[in-house]
Amino acid sequence: MAATILTIAGIFAGIGVFLATMYSVTQILLLEGLPRIAHFVQLVLILTVMWSLYWWRDVVTAQIVAAPLLAAALWTSALEVGWYRVFPLLVSLFAIAMLTGYIALTPL
């Protein structure tokens with residue numbers, strides 16, 4: 001039962017990070033100044049974590065990059081207005097899950 005709940009939570013976390021990534025891409029294209037930089041930093045760090053998990057299959061590197069990702073997500077969330085703060089907060093939850101070790105790799 002616990003494995004099923006963690007699997008469903010992982011699926012929803014993945015959907016949330018995907019939506020937040022797409023939102024950051026649109027904000028990079030539309031905004032100017034500090035919010036644009038914050039979204040760009042967050043996007044680069046999200047892609048670095050995903051790349052390290054997929055290509056290198058290295059959880060430790062992903063956890064190292066997750067700490068600045070958490071800071072960037074909180075920074076981006078502080079710059080957002082209204083309910084749009086949800087997207088960077090979803091990224092921060094993903095970074096916390098990476099840091100605490102809830103995201104692990106399974107053998108291929």
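Summarising the geometry of Met98 relative to Ala66, their closest heavy-atom pair is CB-CB, 3.6 Å, with the distance given to 0.1 Å. Shortest non-hydrogen contact noted between Pro88 and Glu80 is CG-CG, 4.2 Å. When all heavy atoms are compared, the tightest approach of Val91 to Ala20 is CG2-CB, 3.4 Å. Scanning all heavy atoms of the two residues, the minimum distance from Leu34 to Leu79 falls at O-CD1, 4.0 Å.
Leu31 forms part of no hydrophobic cluster, judged by ILVMFWY side-chain heavy-atom separations under 4.5 Å.
Under the side-chain hydrogen bond (donor to acceptor under 3.5 Å, both in side chains) criterion, Gln27 pairs with no residue at all, not counting sequence neighbours.
Note: Ile64 CD1 to Ser52 OG = 9.5 Å, rounded to the nearest 0.5 Å. Atom CG of Leu99 is separated from atom CZ of Phe94 by 10.0 Å, given to the nearest 0.5 angstrom. If you take CZ on Phe87 and NE2 on His39, they are separated by 10.0 Å, rounding to the nearest 0.5 Å.
Linking Ile, Leu, Val, Met, Phe, Trp and Tyr whenever their side-chain heavy atoms come within less than 4.5 Å leaves Val86 and Leu89 in two separate clusters. The hydrophobic clustering, which links ILVMFWY residues whose side-chain heavy atoms are closer than 4.5 Å, places Leu70 and Val65 apart. Grouping the Ile, Leu, Val, Met, Phe, Trp and Tyr side chains by contacts below 4.5 angstrom, directly or via other members, places Ile15 with Tyr23. Under a hydrophobic clustering in which Ile, Leu, Val, Met, Phe, Trp and Tyr are joined whenever their side-chain heavy atoms come within less than 4.5 Å, directly or via other members, Leu93 and Leu45 fall into different clusters. Two different hydrophobic clusters hold Leu19 and Val25 under the rule that ILVMFWY side chains link at heavy-atom gaps under 4.5 Å.
Among residues at least two apart or in separate chains, side-chain hydrogen bond (donor to acceptor under 3.5 Å, both in side chains) pairs with a member in residues 59-78 are Gln42-Thr76, Asp58-Thr61.
Using a 4.5 Å cut-off on side-chain heavy atoms (C-beta onward), Met50 and Val17 make contact.
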